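For reference, the structure is listed below as C-alpha coordinates.
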Protein chains: 2
Amino acid sequence: MGVTKSDLFTRQQNELANMAKALAHPARIAILQYLVKKNACVCGDLVEELGLAQATTSQHLKELKNAGIIQGTVEGVSVCYCINPKVWTAYKELFNSFFKEVTLEGGKCC
Amino acid sequence: MGVTKSDLFTRQQNELANMAKALAHPARIAILQYLVKKNACVCGDLVEELGLAQATTSQHLKELKNAGIIQGTVEGVSVCYCINPKVWTAYKELFNSFFKEVTLEGGKCC
DNA sequence: CTCCCATATCGCAATATTACGATAAACTAA
DNA sequence: TTAGTTTATCGTAATATTGCGATATGGGAG
(Lines give C-alpha, C1' and ligand atoms only; values in the text may rest on other atoms or scores of the structure.)
Protein backbone atom coordinates (compact mmCIF):
# COMPACT_ATOMS: atom_id res chain seq x y z
CA MET A 1 0.00 0.00 0.00
CA GLY A 2 1.16 3.56 0.56
CA VAL A 3 -1.47 5.06 -1.68
CA THR A 4 -4.09 7.43 -0.34
CA LYS A 5 -7.66 6.11 -0.39
CA SER A 6 -9.22 9.20 -1.94
CA ASP A 7 -12.52 7.45 -2.63
CA LEU A 8 -13.32 7.33 1.08
CA PHE A 9 -13.53 11.12 1.27
CA THR A 10 -15.57 13.91 -0.24
CA ARG A 11 -14.36 15.91 -3.21
CA GLN A 12 -14.01 18.95 -1.00
CA GLN A 13 -11.84 17.07 1.46
CA ASN A 14 -9.57 15.77 -1.28
CA GLU A 15 -9.36 19.20 -2.85
CA LEU A 16 -8.39 20.89 0.39
CA ALA A 17 -5.82 18.18 1.12
CA ASN A 18 -4.30 18.64 -2.34
CA MET A 19 -4.07 22.38 -1.84
CA ALA A 20 -2.38 21.84 1.49
CA LYS A 21 0.02 19.42 -0.17
CA ALA A 22 1.05 22.08 -2.67
CA LEU A 23 1.96 24.35 0.27
CA ALA A 24 3.57 21.59 2.30
CA HIS A 25 7.18 22.44 1.49
CA PRO A 26 9.15 25.49 2.63
CA ALA A 27 10.65 25.94 -0.83
CA ARG A 28 7.19 26.24 -2.35
CA ILE A 29 6.11 28.65 0.37
CA ALA A 30 9.24 30.68 -0.37
CA ILE A 31 8.50 30.70 -4.10
CA LEU A 32 4.95 31.89 -3.55
CA GLN A 33 6.01 34.59 -1.09
CA TYR A 34 8.61 35.81 -3.54
CA LEU A 35 6.10 36.00 -6.38
CA VAL A 36 3.61 37.77 -4.14
CA LYS A 37 6.24 40.26 -2.96
CA LYS A 38 7.28 41.11 -6.50
CA ASN A 39 3.63 41.18 -7.60
CA ALA A 40 4.77 40.62 -11.16
CA CYS A 41 6.28 38.11 -13.49
CA VAL A 42 9.59 36.76 -12.29
CA CYS A 43 12.01 35.45 -14.86
CA GLY A 44 14.95 33.49 -13.60
CA ASP A 45 16.07 34.78 -10.19
CA LEU A 46 14.27 31.96 -8.43
CA VAL A 47 17.17 29.51 -8.47
CA GLU A 48 19.56 31.94 -6.76
CA GLU A 49 16.77 33.09 -4.46
CA LEU A 50 16.09 29.60 -3.14
CA GLY A 51 19.57 28.11 -2.90
CA LEU A 52 18.43 24.76 -4.25
CA ALA A 53 19.76 23.18 -7.43
CA GLN A 54 18.22 24.26 -10.71
CA ALA A 55 16.62 20.86 -11.26
CA THR A 56 15.04 20.85 -7.80
CA THR A 57 13.70 24.37 -8.20
CA SER A 58 12.20 23.46 -11.54
CA GLN A 59 10.48 20.48 -9.93
CA HIS A 60 8.89 22.63 -7.22
CA LEU A 61 7.73 25.11 -9.85
CA LYS A 62 6.17 22.26 -11.78
CA GLU A 63 4.22 21.11 -8.73
CA LEU A 64 2.93 24.60 -8.10
CA LYS A 65 1.94 24.86 -11.74
CA ASN A 66 0.16 21.51 -11.56
CA ALA A 67 -1.74 22.77 -8.55
CA GLY A 68 -2.71 25.75 -10.71
CA ILE A 69 -1.59 28.34 -8.20
CA ILE A 70 1.10 29.78 -10.46
CA GLN A 71 1.35 30.18 -14.21
CA GLY A 72 4.38 30.42 -16.47
CA THR A 73 4.76 32.02 -19.86
CA VAL A 74 7.71 31.76 -22.19
CA GLU A 75 9.43 35.13 -22.48
CA GLY A 76 12.13 34.82 -25.11
CA VAL A 77 14.84 32.61 -23.74
CA SER A 78 13.49 32.32 -20.22
CA VAL A 79 10.17 31.52 -18.53
CA CYS A 80 8.30 34.00 -16.37
CA TYR A 81 6.19 32.88 -13.45
CA CYS A 82 3.48 34.66 -11.56
CA ILE A 83 0.61 33.96 -9.22
CA ASN A 84 -2.65 32.85 -10.82
CA PRO A 85 -5.01 35.29 -9.08
CA LYS A 86 -8.11 33.22 -9.69
CA VAL A 87 -6.71 30.05 -8.14
CA TRP A 88 -5.05 32.04 -5.38
CA THR A 89 -8.42 33.43 -4.42
CA ALA A 90 -9.96 29.98 -4.52
CA TYR A 91 -7.28 28.71 -2.15
CA LYS A 92 -7.77 31.63 0.16
CA GLU A 93 -11.51 31.08 0.31
CA LEU A 94 -11.36 27.35 0.82
CA PHE A 95 -8.89 27.68 3.67
CA ASN A 96 -10.88 30.54 5.13
CA SER A 97 -14.13 28.61 5.16
CA PHE A 98 -12.36 25.58 6.60
CA PHE A 99 -10.93 27.54 9.50
CA LYS A 100 -14.05 29.61 10.04
CA GLU A 101 -16.17 26.59 10.93
CA VAL A 102 -14.99 26.44 14.52
CA THR A 103 -16.57 28.28 17.43
CA LEU A 104 -14.01 28.41 20.16
CA GLU A 105 -16.38 29.46 22.92
CA GLY A 106 -18.22 26.14 22.89
CA GLY A 107 -15.64 24.93 25.35
CA LYS A 108 -17.15 21.50 25.93
CA CYS A 109 -13.62 20.17 25.58
CA CYS A 110 -11.57 18.11 27.96
CA MET B 1 18.88 12.97 -0.42
CA GLY B 2 15.13 12.84 -0.05
CA VAL B 3 15.30 15.05 3.00
CA THR B 4 14.01 18.59 3.04
CA LYS B 5 16.67 21.29 3.39
CA SER B 6 14.93 23.24 6.15
CA ASP B 7 17.99 25.34 6.92
CA LEU B 8 17.64 27.18 3.62
CA PHE B 9 14.35 28.72 4.68
CA THR B 10 13.02 30.99 7.39
CA ARG B 11 11.39 29.68 10.51
CA GLN B 12 8.08 31.10 9.38
CA GLN B 13 8.33 29.31 6.04
CA ASN B 14 9.11 25.99 7.69
CA GLU B 15 6.32 26.47 10.19
CA LEU B 16 3.74 27.22 7.52
CA ALA B 17 4.92 24.25 5.46
CA ASN B 18 4.59 21.96 8.48
CA MET B 19 1.08 23.19 9.16
CA ALA B 20 0.18 22.56 5.53
CA LYS B 21 1.67 19.09 5.81
CA ALA B 22 -0.59 18.30 8.75
CA LEU B 23 -3.58 19.19 6.56
CA ALA B 24 -2.24 17.45 3.47
CA HIS B 25 -4.33 14.31 3.73
CA PRO B 26 -8.08 13.97 3.25
CA ALA B 27 -8.37 11.69 6.28
CA ARG B 28 -6.88 14.37 8.50
CA ILE B 29 -9.14 17.01 6.97
CA ALA B 30 -12.08 14.70 7.65
CA ILE B 31 -11.02 14.16 11.26
CA LEU B 32 -10.72 17.89 11.86
CA GLN B 33 -14.05 18.64 10.22
CA TYR B 34 -15.71 15.98 12.33
CA LEU B 35 -14.22 17.36 15.55
CA VAL B 36 -15.24 20.87 14.57
CA LYS B 37 -18.78 19.76 13.70
CA LYS B 38 -19.22 18.01 17.02
CA ASN B 39 -17.57 20.90 18.82
CA ALA B 40 -16.77 18.59 21.68
CA CYS B 41 -14.68 15.67 22.73
CA VAL B 42 -15.10 12.65 20.51
CA CYS B 43 -14.40 9.26 21.95
CA GLY B 44 -14.14 6.39 19.55
CA ASP B 45 -16.47 6.92 16.58
CA LEU B 46 -13.60 8.12 14.44
CA VAL B 47 -12.64 4.71 13.09
CA GLU B 48 -16.13 3.97 11.76
CA GLU B 49 -16.48 7.55 10.60
CA LEU B 50 -13.37 7.38 8.42
CA GLY B 51 -13.55 3.88 7.02
CA LEU B 52 -9.83 3.32 7.41
CA ALA B 53 -8.27 0.62 9.57
CA GLN B 54 -7.94 1.33 13.27
CA ALA B 55 -4.15 1.41 13.03
CA THR B 56 -4.22 3.89 10.16
CA THR B 57 -6.68 6.15 11.93
CA SER B 58 -4.54 6.12 15.05
CA GLN B 59 -1.53 7.12 12.97
CA HIS B 60 -3.35 10.11 11.49
CA LEU B 61 -4.51 11.15 14.95
CA LYS B 62 -0.94 10.95 16.15
CA GLU B 63 0.23 13.26 13.38
CA LEU B 64 -2.47 15.78 14.17
CA LYS B 65 -1.51 15.58 17.83
CA ASN B 66 2.16 16.08 16.97
CA ALA B 67 1.20 19.15 14.98
CA GLY B 68 -0.59 20.32 18.12
CA ILE B 69 -3.88 21.02 16.39
CA ILE B 70 -5.78 18.39 18.38
CA GLN B 71 -5.45 17.11 21.92
CA GLY B 72 -6.46 13.82 23.47
CA THR B 73 -7.32 12.90 27.02
CA VAL B 74 -7.83 9.44 28.44
CA GLU B 75 -11.44 8.95 29.44
CA GLY B 76 -11.75 5.60 31.15
CA VAL B 77 -11.21 2.89 28.59
CA SER B 78 -11.17 5.16 25.58
CA VAL B 79 -9.43 8.36 24.47
CA CYS B 80 -11.28 11.56 23.67
CA TYR B 81 -10.02 13.97 21.08
CA CYS B 82 -10.87 17.58 20.44
CA ILE B 83 -9.55 20.64 18.66
CA ASN B 84 -6.88 22.63 20.47
CA PRO B 85 -8.44 26.08 20.14
CA LYS B 86 -5.19 27.96 20.68
CA VAL B 87 -3.29 26.14 17.96
CA TRP B 88 -6.31 26.21 15.69
CA THR B 89 -6.37 29.98 15.95
CA ALA B 90 -2.64 30.15 15.27
CA TYR B 91 -3.12 28.09 12.11
CA LYS B 92 -6.00 30.25 11.01
CA GLU B 93 -3.99 33.41 11.47
CA LEU B 94 -0.84 32.16 9.79
CA PHE B 95 -2.76 31.00 6.74
CA ASN B 96 -4.78 34.20 6.71
CA SER B 97 -1.73 36.41 6.76
CA PHE B 98 -0.08 34.28 4.10
CA PHE B 99 -3.02 34.62 1.74
CA LYS B 100 -3.67 38.25 2.56
CA GLU B 101 -0.31 39.37 1.22
CA VAL B 102 -1.41 39.42 -2.39
CA THR B 103 -3.00 42.38 -4.17
CA LEU B 104 -4.76 41.01 -7.19
CA GLU B 105 -5.33 44.36 -8.88
CA GLY B 106 -1.60 44.86 -9.54
CA GLY B 107 -2.11 42.97 -12.75
CA LYS B 108 1.44 43.31 -14.03
CA CYS B 109 1.26 39.64 -14.87
CA CYS B 110 1.73 37.88 -18.15
C1' DC C 1 24.58 26.90 -39.20
C1' DT C 2 26.97 26.76 -34.52
C1' DC C 3 27.42 28.23 -29.87
C1' DC C 4 25.44 29.72 -25.61
C1' DC C 5 21.75 30.41 -22.30
C1' DA C 6 17.74 29.17 -19.43
C1' DT C 7 14.58 25.72 -18.38
C1' DA C 8 12.76 20.99 -18.41
C1' DT C 9 13.17 16.20 -18.00
C1' DC C 10 15.52 11.72 -16.89
C1' DG C 11 17.60 8.60 -13.81
C1' DC C 12 19.01 7.57 -9.56
C1' DA C 13 19.49 7.43 -4.33
C1' DA C 14 17.77 8.52 0.23
C1' DT C 15 14.02 9.20 2.96
C1' DA C 16 8.99 9.91 4.04
C1' DT C 17 4.19 8.70 3.77
C1' DT C 18 0.25 5.67 3.66
C1' DA C 19 -1.92 1.55 4.91
C1' DC C 20 -2.82 -2.68 7.35
C1' DG C 21 -2.43 -6.96 10.17
C1' DA C 22 -0.57 -8.42 14.38
C1' DT C 23 0.47 -7.50 18.81
C1' DA C 24 1.07 -4.81 23.06
C1' DA C 25 -0.74 -1.79 26.69
C1' DA C 26 -4.22 0.14 29.66
C1' DC C 27 -8.37 0.10 31.65
C1' DT C 28 -13.28 -2.01 33.06
C1' DA C 29 -16.23 -5.47 34.30
C1' DA C 30 -17.33 -9.81 35.96
C1' DT D 1 -7.74 -13.06 38.30
C1' DT D 2 -9.66 -13.45 33.79
C1' DA D 3 -11.99 -11.81 29.82
C1' DG D 4 -13.29 -8.05 26.91
C1' DT D 5 -12.79 -3.36 24.94
C1' DT D 6 -10.24 0.45 23.20
C1' DT D 7 -6.18 2.69 21.66
C1' DA D 8 -1.14 2.63 20.55
C1' DT D 9 2.79 0.67 18.55
C1' DC D 10 5.53 -2.60 15.67
C1' DG D 11 6.73 -4.61 11.41
C1' DT D 12 6.25 -4.68 6.73
C1' DA D 13 4.99 -3.49 1.89
C1' DA D 14 3.82 -0.17 -1.64
C1' DT D 15 4.25 4.23 -3.20
C1' DA D 16 5.53 9.27 -2.94
C1' DT D 17 8.67 12.99 -2.09
C1' DT D 18 13.02 15.39 -2.12
C1' DG D 19 17.29 16.39 -4.17
C1' DC D 20 20.89 16.47 -7.55
C1' DG D 21 23.89 15.46 -11.58
C1' DA D 22 23.49 14.64 -16.31
C1' DT D 23 21.26 15.33 -20.32
C1' DA D 24 17.73 17.10 -23.44
C1' DT D 25 15.04 21.01 -25.32
C1' DG D 26 14.02 25.49 -27.14
C1' DG D 27 14.99 29.63 -27.81
C1' DG D 28 18.36 33.77 -28.86
C1' DA D 29 23.20 35.74 -30.65
C1' DG D 30 26.87 35.65 -33.62
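Below, read A as the first sequence line, B as the second, and so on, with proteins coming before strands; counting in each chain starts at 1. Predicted model only: the values in this text are computed from it and were never measured.
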(message) Does the SG of Cys43(B) lie under 2.5 Å from the SG of Cys80(B)?
(response) yes
(request) Indicate, with yes or no, if Val47(B) and Tyr34(B) share a hydrophobic cluster defined by side-chain heavy-atom contacts under 4.5 Å among Ile, Leu, Val, Met, Phe, Trp and Tyr. (result) no
(request) Give the rounded distance in Å between these two atoms: CD of Glu75(B) and P of dT28(C). (result) 11 Å
(message) Without decimals, in angstroms, what is the distance between Ile31(B) CD1 and dT18(C) C1'?
(response) 13 Å
(request) Kindly state which residues belonging to residues 47-59 of chain A come within less than 4.0 angstrom of DNA chain D, counting heavy atoms of the residue only, listed by number. (result) Leu52(A), Ala53(A), Ala55(A), Thr56(A), Gln59(A)
(request) Could you tell me which residues satisfy ring-ring contact (aromatic ring centres under 6.0 Å, His included) with Phe95(A), sequence neighbours excluded, listed by chain and number? (result) Phe95(B), Phe99(B)
(request) Keeping to residues at least two apart or across chains, list the salt bridge (Lys or Arg N to Asp or Glu O under 4.0 Å) pairs with something in residues 56-69 of chain B. (result) Arg28(B)-Glu63(B)
(request) On DNA chain D, check which nucleotide each of Lys21(A) and Val77(A) is closest to and give me the residue with the more 5' one. (result) Lys21(A)
(request) May I ask you to decide if Pro85(B)'s main-chain N or O and Thr89(B)'s side chain share a donor-acceptor pair within less than 3.5 Å? (result) yes
(request) Send over the distance from Tyr81(A) OH to dA6(C) P, rounded to a whole Å. (result) 15 Å
(request) Determine the sole option in Val42(B), Val87(B), Asn84(B), Leu32(B) for which the side-chain contact (heavy atoms from CB on, under 4.5 Å) test with Ile70(B) is passed. (result) Leu32(B)
(request) Return the value, rounded to whole Å, for the distance between atom NE2 of His25(A) and atom P of dT17(D). (result) 11 Å
(request) Could you check how far CG of Leu8(A) sits from C1' of dT18(C), rounded to whole Å? (result) 12 Å
(request) Could you list by number each residue of residues 60-70 of chain A showing a heavy-atom separation from DNA chain D of less than 4.0 Å, or answer none if no residue does? (result) His60(A), Glu63(A)
(request) Sort and list the pairs that fulfil salt bridge (Lys or Arg N to Asp or Glu O under 4.0 Å) and have at least one residue in residues 47-59 of chain A, not counting sequence neighbours. (result) none
(request) Could you check which of dT28(C), dC20(D), dA6(C) has an atom nearest any side-chain atom of Lys5(B)? (result) dC20(D)
(message) Run the side chain to side chain donor-acceptor pair (under 3.5 Å) test against Gln13(A) and tell me which residues pass, sequence neighbours left out.
(response) Thr10(A), Gln33(B)
